[in-house]
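Counting from 1, the numbers follow the sequence of the chain as shown. Everything numeric here is computed off the predicted structure, so don't read it as measured data.
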Amino acid sequence: MTTIDPTRAGLDQLLKLEPLELNLFRGWCHQGSPQRAFGGQVAAQALTAAGATVPAARHVHSLHGYFIRGGRTDMPIIYEVERTRDGGSFTTRRVVAIQNGESIFSLSASFQTEAESSAHQARMPEVPAPDEAGVVEQDRSPIVLSAIEVRFVSNPETGLPDTGRGPRQRIWVRAKDALPDAPLAHVCALTYISDIRLAGTALLPHRDEPGVPQLTSLDHAVWFHRPFRADEWLLFDMESPSFANTRGLTHGEFFTTDGRLVASVTQEVLLRRR
(Lines give C-alpha, C1' and ligand atoms only; values in the text may rest on other atoms or scores of the structure.)
Protein backbone atom coordinates (compact mmCIF):
# COMPACT_ATOMS: atom_id res chain seq x y z
CA MET A 1 0.00 0.00 0.00
CA THR A 2 1.36 3.43 -0.92
CA THR A 3 0.78 6.92 0.37
CA ILE A 4 -2.24 8.80 -0.97
CA ASP A 5 -2.01 12.12 -2.78
CA PRO A 6 -4.82 14.19 -1.19
CA THR A 7 -4.86 16.55 -4.16
CA ARG A 8 -6.23 13.74 -6.34
CA ALA A 9 -8.01 11.34 -3.99
CA GLY A 10 -11.73 11.32 -3.28
CA LEU A 11 -12.96 11.11 0.30
CA ASP A 12 -13.78 7.41 0.02
CA GLN A 13 -10.17 6.70 -0.98
CA LEU A 14 -8.82 8.70 1.96
CA LEU A 15 -10.62 6.40 4.40
CA LYS A 16 -9.67 3.01 2.95
CA LEU A 17 -7.61 0.60 5.02
CA GLU A 18 -5.59 -2.49 4.23
CA PRO A 19 -6.54 -5.55 6.35
CA LEU A 20 -3.41 -7.13 7.80
CA GLU A 21 -4.76 -9.71 10.22
CA LEU A 22 -7.88 -10.29 12.28
CA ASN A 23 -8.60 -6.95 14.05
CA LEU A 24 -5.52 -5.31 12.49
CA PHE A 25 -5.53 -2.71 9.68
CA ARG A 26 -3.07 -0.34 8.02
CA GLY A 27 -3.68 3.12 6.57
CA TRP A 28 -1.91 6.27 5.44
CA CYS A 29 -2.83 9.84 6.35
CA HIS A 30 -2.23 13.13 4.61
CA GLN A 31 -1.05 16.30 6.29
CA GLY A 32 -3.34 18.48 8.37
CA SER A 33 -1.38 20.95 10.48
CA PRO A 34 2.26 21.32 9.42
CA GLN A 35 4.14 18.02 9.58
CA ARG A 36 1.22 16.21 11.25
CA ALA A 37 -1.44 13.81 10.02
CA PHE A 38 -4.93 15.28 9.70
CA GLY A 39 -6.79 14.37 12.90
CA GLY A 40 -10.16 13.97 11.20
CA GLN A 41 -8.69 11.37 8.87
CA VAL A 42 -7.09 9.44 11.74
CA ALA A 43 -10.43 9.39 13.61
CA ALA A 44 -12.35 8.39 10.48
CA GLN A 45 -9.92 5.59 9.66
CA ALA A 46 -10.13 4.32 13.25
CA LEU A 47 -13.93 4.24 12.91
CA THR A 48 -13.57 2.45 9.57
CA ALA A 49 -11.47 -0.21 11.30
CA ALA A 50 -14.00 -0.58 14.13
CA GLY A 51 -16.90 -0.84 11.68
CA ALA A 52 -15.16 -3.56 9.71
CA THR A 53 -15.56 -5.87 12.73
CA VAL A 54 -19.28 -5.15 13.30
CA PRO A 55 -22.29 -6.63 11.45
CA ALA A 56 -23.72 -4.21 8.87
CA ALA A 57 -27.11 -4.29 10.59
CA ARG A 58 -25.64 -2.40 13.57
CA HIS A 59 -24.98 1.27 12.94
CA VAL A 60 -22.56 3.48 14.84
CA HIS A 61 -24.30 6.00 17.07
CA SER A 62 -21.35 7.56 18.88
CA LEU A 63 -17.57 7.78 19.00
CA HIS A 64 -15.15 9.28 21.50
CA GLY A 65 -11.52 9.77 20.61
CA TYR A 66 -8.35 11.16 22.22
CA PHE A 67 -5.39 12.49 20.28
CA ILE A 68 -2.33 11.28 22.16
CA ARG A 69 0.55 12.19 19.84
CA GLY A 70 0.84 13.91 16.52
CA GLY A 71 0.78 11.42 13.66
CA ARG A 72 3.37 11.44 10.88
CA THR A 73 2.56 11.42 7.18
CA ASP A 74 5.70 9.62 5.98
CA MET A 75 4.84 6.21 7.48
CA PRO A 76 1.71 4.07 7.82
CA ILE A 77 -0.59 3.97 10.82
CA ILE A 78 -1.64 0.61 12.28
CA TYR A 79 -5.17 0.35 13.70
CA GLU A 80 -5.70 -2.38 16.29
CA VAL A 81 -9.35 -3.19 17.12
CA GLU A 82 -10.44 -4.61 20.47
CA ARG A 83 -13.84 -6.34 20.32
CA THR A 84 -14.97 -5.05 23.70
CA ARG A 85 -18.57 -6.25 23.72
CA ASP A 86 -21.26 -7.75 21.48
CA GLY A 87 -24.59 -7.38 23.28
CA GLY A 88 -28.19 -7.98 22.33
CA SER A 89 -28.68 -4.48 20.90
CA PHE A 90 -25.33 -2.72 21.23
CA THR A 91 -21.78 -3.46 20.11
CA THR A 92 -18.72 -1.71 21.52
CA ARG A 93 -15.29 -1.45 19.94
CA ARG A 94 -12.04 0.15 21.04
CA VAL A 95 -9.36 1.10 18.51
CA VAL A 96 -5.77 2.17 19.10
CA ALA A 97 -3.86 3.85 16.28
CA ILE A 98 -0.16 2.96 16.46
CA GLN A 99 2.78 4.53 14.67
CA ASN A 100 6.44 3.71 15.20
CA GLY A 101 5.49 1.52 18.17
CA GLU A 102 3.60 4.29 20.01
CA SER A 103 -0.10 5.02 20.43
CA ILE A 104 -1.09 8.24 18.68
CA PHE A 105 -4.90 8.04 18.95
CA SER A 106 -7.50 5.99 20.82
CA LEU A 107 -11.16 5.57 19.89
CA SER A 108 -14.21 4.05 21.54
CA ALA A 109 -17.24 3.51 19.30
CA SER A 110 -20.70 2.14 20.00
CA PHE A 111 -23.02 0.53 17.46
CA GLN A 112 -26.77 -0.14 17.78
CA THR A 113 -29.45 -2.07 15.93
CA GLU A 114 -32.20 0.20 14.58
CA ALA A 115 -35.13 0.82 16.94
CA GLU A 116 -38.39 2.77 16.56
CA SER A 117 -39.20 5.57 19.03
CA SER A 118 -40.75 9.00 19.31
CA ALA A 119 -38.42 11.88 18.40
CA HIS A 120 -37.62 15.57 18.79
CA GLN A 121 -34.77 17.81 17.62
CA ALA A 122 -33.43 21.35 17.62
CA ARG A 123 -34.58 23.62 14.81
CA MET A 124 -32.20 24.25 11.96
CA PRO A 125 -30.97 27.88 11.69
CA GLU A 126 -32.32 29.96 8.82
CA VAL A 127 -29.46 30.22 6.34
CA PRO A 128 -28.95 30.77 2.60
CA ALA A 129 -29.14 27.61 0.48
CA PRO A 130 -25.83 26.06 -0.62
CA ASP A 131 -26.09 27.56 -4.11
CA GLU A 132 -26.49 31.02 -2.52
CA ALA A 133 -23.58 30.69 -0.07
CA GLY A 134 -20.03 31.88 -0.66
CA VAL A 135 -17.37 29.70 -2.25
CA VAL A 136 -13.86 30.32 -0.91
CA GLU A 137 -11.55 28.16 -2.99
CA GLN A 138 -8.38 29.36 -1.32
CA ASP A 139 -9.65 28.24 2.09
CA ARG A 140 -7.90 25.16 3.37
CA SER A 141 -5.49 23.02 1.52
CA PRO A 142 -5.68 20.44 -1.24
CA ILE A 143 -7.69 18.31 1.21
CA VAL A 144 -10.80 20.44 0.80
CA LEU A 145 -10.15 21.16 -2.85
CA SER A 146 -10.02 17.49 -3.83
CA ALA A 147 -12.27 15.59 -1.40
CA ILE A 148 -14.55 18.15 0.28
CA GLU A 149 -16.68 20.96 -1.09
CA VAL A 150 -17.25 23.89 1.28
CA ARG A 151 -19.50 26.92 0.93
CA PHE A 152 -19.46 29.61 3.60
CA VAL A 153 -22.57 30.97 5.27
CA SER A 154 -20.49 33.16 7.61
CA ASN A 155 -17.37 35.25 7.06
CA PRO A 156 -14.38 32.83 6.94
CA GLU A 157 -12.21 35.24 8.95
CA THR A 158 -14.59 36.63 11.58
CA GLY A 159 -17.50 34.18 11.71
CA LEU A 160 -20.99 35.26 12.77
CA PRO A 161 -21.94 38.12 15.15
CA ASP A 162 -21.66 37.10 18.81
CA THR A 163 -25.07 36.53 20.40
CA GLY A 164 -23.71 35.61 23.82
CA ARG A 165 -22.83 32.01 22.92
CA GLY A 166 -19.22 32.78 21.97
CA PRO A 167 -17.68 32.76 18.47
CA ARG A 168 -19.78 31.04 15.80
CA GLN A 169 -19.50 30.06 12.15
CA ARG A 170 -21.52 28.09 9.60
CA ILE A 171 -20.63 26.29 6.42
CA TRP A 172 -22.33 24.02 3.92
CA VAL A 173 -20.18 20.95 3.31
CA ARG A 174 -20.27 17.66 1.40
CA ALA A 175 -18.02 15.05 -0.13
CA LYS A 176 -17.24 16.00 -3.72
CA ASP A 177 -17.54 12.47 -5.11
CA ALA A 178 -20.37 9.98 -4.65
CA LEU A 179 -19.85 7.63 -1.70
CA PRO A 180 -20.94 3.98 -1.43
CA ASP A 181 -24.49 3.34 -0.24
CA ALA A 182 -23.30 1.62 2.96
CA PRO A 183 -24.24 3.71 6.05
CA LEU A 184 -20.77 3.12 7.55
CA ALA A 185 -19.16 4.94 4.63
CA HIS A 186 -21.20 8.06 5.36
CA VAL A 187 -20.62 8.16 9.14
CA CYS A 188 -16.88 7.71 8.56
CA ALA A 189 -16.96 10.47 5.94
CA LEU A 190 -18.78 12.79 8.33
CA THR A 191 -16.22 11.99 11.04
CA TYR A 192 -13.54 13.23 8.63
CA ILE A 193 -15.60 16.32 7.73
CA SER A 194 -16.35 17.11 11.39
CA ASP A 195 -12.72 18.19 11.90
CA ILE A 196 -12.93 20.84 9.15
CA ARG A 197 -12.85 24.35 10.72
CA LEU A 198 -14.27 23.15 14.05
CA ALA A 199 -11.07 23.79 16.02
CA GLY A 200 -10.66 27.15 14.30
CA THR A 201 -13.99 28.33 15.73
CA ALA A 202 -12.27 28.79 19.10
CA LEU A 203 -9.59 30.89 17.40
CA LEU A 204 -11.93 33.40 15.69
CA PRO A 205 -11.89 36.17 18.37
CA HIS A 206 -8.18 35.64 19.10
CA ARG A 207 -6.76 35.85 15.56
CA ASP A 208 -5.08 39.24 16.11
CA GLU A 209 -3.36 38.37 19.37
CA PRO A 210 0.49 38.33 19.24
CA GLY A 211 2.30 35.17 18.22
CA VAL A 212 1.67 32.46 15.64
CA PRO A 213 -1.27 30.30 16.77
CA GLN A 214 -0.73 26.56 17.00
CA LEU A 215 -3.95 24.55 17.25
CA THR A 216 -3.90 20.94 18.46
CA SER A 217 -6.98 18.75 18.91
CA LEU A 218 -7.11 17.08 22.32
CA ASP A 219 -10.26 15.00 21.96
CA HIS A 220 -13.16 14.55 19.56
CA ALA A 221 -16.65 13.10 20.00
CA VAL A 222 -19.46 12.60 17.48
CA TRP A 223 -23.05 11.43 17.99
CA PHE A 224 -25.06 10.22 15.00
CA HIS A 225 -28.80 10.80 15.36
CA ARG A 226 -30.46 10.04 12.01
CA PRO A 227 -29.53 8.53 8.63
CA PHE A 228 -27.89 10.89 6.09
CA ARG A 229 -25.60 10.99 3.09
CA ALA A 230 -22.27 12.79 3.43
CA ASP A 231 -22.14 13.31 -0.35
CA GLU A 232 -25.21 15.58 -0.08
CA TRP A 233 -25.12 19.10 1.37
CA LEU A 234 -24.99 19.34 5.17
CA LEU A 235 -25.06 22.54 7.20
CA PHE A 236 -22.27 22.53 9.79
CA ASP A 237 -23.27 24.97 12.54
CA MET A 238 -20.37 25.61 14.97
CA GLU A 239 -19.79 27.57 18.17
CA SER A 240 -17.15 27.86 20.89
CA PRO A 241 -18.71 28.61 24.31
CA SER A 242 -15.41 28.65 26.24
CA PHE A 243 -11.70 29.33 25.94
CA ALA A 244 -9.47 29.34 29.04
CA ASN A 245 -6.17 27.86 30.27
CA THR A 246 -5.08 27.51 26.60
CA ARG A 247 -8.01 25.12 25.93
CA GLY A 248 -10.99 25.90 23.74
CA LEU A 249 -14.28 23.98 23.70
CA THR A 250 -16.18 23.74 20.42
CA HIS A 251 -19.58 22.30 19.50
CA GLY A 252 -21.11 21.61 16.11
CA GLU A 253 -24.35 20.31 14.63
CA PHE A 254 -25.04 18.89 11.17
CA PHE A 255 -28.36 19.50 9.41
CA THR A 256 -29.61 18.24 6.05
CA THR A 257 -31.05 20.73 3.56
CA ASP A 258 -34.56 19.76 4.68
CA GLY A 259 -33.75 20.58 8.32
CA ARG A 260 -33.06 17.18 9.90
CA LEU A 261 -30.47 17.18 12.69
CA VAL A 262 -28.30 14.18 11.81
CA ALA A 263 -25.17 14.50 13.97
CA SER A 264 -23.56 16.50 16.79
CA VAL A 265 -19.88 16.93 17.52
CA THR A 266 -17.80 18.27 20.41
CA GLN A 267 -14.07 18.90 20.44
CA GLU A 268 -11.56 20.39 22.86
CA VAL A 269 -8.50 22.04 21.33
CA LEU A 270 -5.22 23.34 22.66
CA LEU A 271 -4.25 26.81 21.45
CA ARG A 272 -0.68 27.95 22.03
CA ARG A 273 1.29 30.74 20.42
CA ARG A 274 4.86 30.57 19.22
Side-chain angles (χ1 to χ4, degrees), residues 6-7 11 30-41 43 67 70 124-176 190-220 222 230 233-255 257 263-274:
T7 64
L11 184 51
H30 61 69
Q31 183 171 296
S33 59
Q35 308 304 317
R36 290 191 175 188
F38 176 53
Q41 189 182 19
F67 295 95
M124 175 181 170
E126 294 185 7
V127 296
D131 58 0
E132 300 171 350
V135 180
V136 183
E137 288 295 339
Q138 71 271 20
D139 179 77
R140 297 305 86 177
S141 60
I143 309 166
V144 170
L145 300 182
S146 88
I148 304 295
E149 187 172 3
V150 175
R151 297 191 178 181
F152 283 82
V153 177
S154 55
N155 185 300
E157 298 297 326
T158 60
L160 293 164
D162 189 355
T163 60
R165 292 287 302 171
R168 300 178 302 142
Q169 61 177 329
R170 292 172 183 151
I171 59 175
W172 286 105
V173 63
R174 67 178 176 184
K176 275 191 173 181
L190 187 138
T191 300
Y192 178 103
I193 291 170
S194 68
D195 200 27
I196 299 290
R197 293 194 68 88
L198 182 61
T201 307
L203 179 62
L204 287 174
H206 307 285
R207 285 179 177 270
D208 296 331
E209 294 176 4
V212 179
Q214 182 177 2
L215 277 174
T216 303
S217 298
L218 297 174
D219 57 17
H220 196 83
V222 188
W233 285 114
L234 296 169
L235 177 69
F236 194 9
D237 183 19
M238 296 165 272
E239 66 180 22
S240 176
S242 176
F243 177 75
N245 298 318
T246 71
R247 301 190 317 276
L249 184 68
T250 56
H251 296 310
E253 294 178 331
F254 286 91
F255 295 87
T257 54
S264 301
V265 57
T266 296
Q267 184 182 77
E268 189 174 39
V269 298
L270 181 68
L271 172 58
R272 288 175 173 165
R273 293 186 176 274
R274 291 178 289 180

Of all the heavy-atom pairs spanning [X] and [Y], show the shortest one and how long it is.
X	Y	answer
Arg170	Asp237	NE-OD1, 3.0 Å
Ala133	Trp172	CB-CD1, 4.0 Å
Arg168	Leu204	O-CD1, 3.8 Å
Leu198	Gly252	CD1-N, 4.3 Å
Phe236	Ile193	CE2-O, 4.1 Å
Ala199	Thr250	O-CG2, 4.4 Å

Please work out whether the ring planes of His220 and Phe67 are parallel, tilted or perpendicular, with thresholds of 30° and 60°. perpendicular

Working to the nearest 0.5 Å, report the span between [atom1] of [X] and [atom2] of [Y].
X	Y	atom1	atom2	value
Leu270	Asp219	CG	CG	11.0 Å
Phe38	Ser217	CZ	OG	8.5 Å
Glu268	Ser240	CD	OG	10.0 Å
Gln267	His251	CD	NE2	11.5 Å
Ile196	Ile171	CD1	CD1	7.5 Å
Leu160	Ser154	CG	OG	4.5 Å

Please confirm whether the backbone N or O of [Y] pairs with a side-chain atom of [X], one donor and one acceptor, at under 3.5 Å?
X	Y	value
Arg197	Pro156	yes
Arg207	Glu157	yes
Asp162	Gly166	yes

With a 4.5 Å cut-off on side-chain heavy atoms, are [Y] and [X] touching?
X	Y	answer
Tyr192	Ile148	yes
Leu234	Leu190	yes
Leu203	Phe243	no

Can you check side chain to side chain contact (heavy atoms under 4.5 Å, CB included) on Thr216 and Arg36, steps first, answer last? CA-CA 10 Å; Thr216 303; Arg36 290 191 175 188; 3.7 Å; yes

So that I can tick it off, tell me whether Glu149 and Lys176 are bridged by a salt bridge, with the cut-off set at under 4.0 angstrom between side-chain N and carboxylate O.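 Not counted as a salt bridge, because no side-chain N and carboxylate O are separated by less than 4.0 Å.
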
Taking side chain to side chain contact (heavy atoms under 4.5 Å, CB included) as the criterion, tell me which of Leu271, Val269, Leu218 meets it with Arg247. Leu218

Please test Ser264 against Glu253 for side chain to side chain donor-acceptor pair (under 3.5 Å), starting from the C-alpha separation and ending with a verdict. CA-CA 4 Å; Ser264 301; Glu253 294 178 331; 4.5 Å; no

Please check if any side-chain donor atom of Gln41 sits under 3.5 Å from a side-chain acceptor atom of Asp195, or the reverse.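 There is no such pair between these side chains.
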
Using only heavy-atom distances, determine whether the side chains of Arg273 and Gln214 contain a donor-acceptor pair under 3.5 Å. no

